[in-house]
Amino acid sequence: MIRGGKPDLSVCDSLEKGVIRLYNDISSRVNSAQEILIDDTDIDRIILGERTDFHEEVVRIVEDMTKTYVNDILGTLRERGLDLKAGCVVFIGGGGNGNGSTGRNFWRKWIERKSSAK
């Protein structure tokens, strides 16, 4: 969390919910359900809403699993008393600073999507 233009280290925390686990879970689910091998770059493109040649079901699996992942992380942050609307929260690592090309846009896209759904 950033307060007064400086990091507030009293609210720094590490969650054991990195995007590597998400990507591995997505790859496994897509392989199991559709018998398709999907790599991180493909997952990046689907998460970012870029056009792909994958069947609608593959895109749905990736989007649903990503939505669940983001909701879980946001719920965990709320349980820890962090309100993303009340201050500047900094995400570092995994989806915070990049997994492939996704990092910078990952959280923004899904947080904005969740906010606009309300």
Side-chain angles (χ1 to χ4, degrees):
M1 169 101 42
I2 303 292
R3 291 190 178 155
K6 296 180 182 178
D8 181 350
L9 300 180
S10 70
V11 291
C12 288
D13 202 352
S14 179
L15 304 177
E16 300 298 322
K17 301 177 185 205
V19 293
I20 292 172
R21 175 178 280 163
L22 170 67
Y23 278 51
N24 289 341
D25 289 349
I26 288 172
S27 294
S28 294
R29 175 85 52 87
V30 168
N31 187 22
S32 172
Q34 298 292 314
E35 297 182 355
I36 294 172
L37 296 176
I38 188 170
D39 66 22
D40 289 357
T41 303
D42 297 325
I43 295 169
D44 282 346
R45 293 187 65 217
I46 293 170
I47 287 173
L48 293 174
E50 296 177 4
R51 183 173 140 24
T52 68
D53 294 325
F54 287 101
H55 187 273
E56 287 177 25
E57 182 61 17
V58 172
V59 173
R60 187 193 63 74
I61 290 169
V62 173
E63 289 181 344
D64 287 352
M65 290 184 72
T66 302
K67 180 180 178 180
T68 299
Y69 169 81
V70 170
N71 288 338
D72 184 43
I73 296 280
L74 295 176
T76 299
L77 294 175
R78 278 189 298 276
E79 287 172 9
R80 294 177 184 208
L82 295 174
D83 184 352
L84 300 180
K85 295 179 183 178
C88 178
V89 177
V90 179
F91 291 97
I92 299 173
N97 69 354
N99 181 32
S101 62
T102 307
R104 281 187 296 235
N105 299 314
F106 181 87
W107 284 105
R108 168 171 273 160
K109 174 184 176 181
W110 289 94
I111 289 170
E112 287 174 352
R113 197 181 264 191
K114 182 163 178 58
S115 295
S116 66
K118 290 183 177 181

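Sequential numbering from 1 along the given sequence is applied to the chain's residues.
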For this session: Check the pair Q34, I61 against side-chain contact (heavy atoms from CB on, under 4.5 Å), reporting the backbone distance first and the verdict last.
Result: CA-CA 10 Å; Q34 298 292 314; I61 290 169; 4.3 Å; yes
For this session: Quick one: do Y23 and D44 satisfy side-chain contact (heavy atoms from CB on, under 4.5 Å)? Show the steps, please.
Result: CA-CA 9 Å; Y23 278 51; D44 282 346; 2.5 Å; yes
For this session: Apply side-chain contact (heavy atoms from CB on, under 4.5 Å) to T66 and I26, showing your working.
Result: CA-CA 8 Å; T66 302; I26 288 172; 3.9 Å; yes
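By the 4.0 Å N-to-carboxylate-O rule, E63 lies too far from R60 to be salt-bridged with it.
Side-chain N/O atoms of Y69 and D25 include no donor and acceptor closer than 3.5 Å.
With rounding to the nearest 0.5 angstrom, the CG atom of D42 is 11.0 Å from the CD atom of E50.
When all heavy atoms of V59 and F54 are compared, the pair lying nearest together is CG2-O, 4.2 Å. What you find for N71 and R78 is that their closest heavy atoms are O-NH2, 4.4 Å.
Checked by atom type and distance alone, the side chain of R45 pairs as donor or acceptor with a backbone atom of R51 at under 3.5 Å. Side chain of S27 to backbone of I38: a donor-acceptor contact under 3.5 angstrom is found. In this structure, the side chain of S32 does not engage the main chain of S28 through any donor-acceptor pair within 3.5 Å.
At least one side-chain heavy atom of V58 sits less than 4.5 Å from a side-chain heavy atom of I46. Residues I36 and N31 form no side-chain contact, since every pair of their non-hydrogen atoms from C-beta on lies 4.5 Å or further apart.
The neighbour count for R21 CZ, taken as heavy atoms of other residues, nucleotides or ligands under 6.0 Å away, does not exceed 12.
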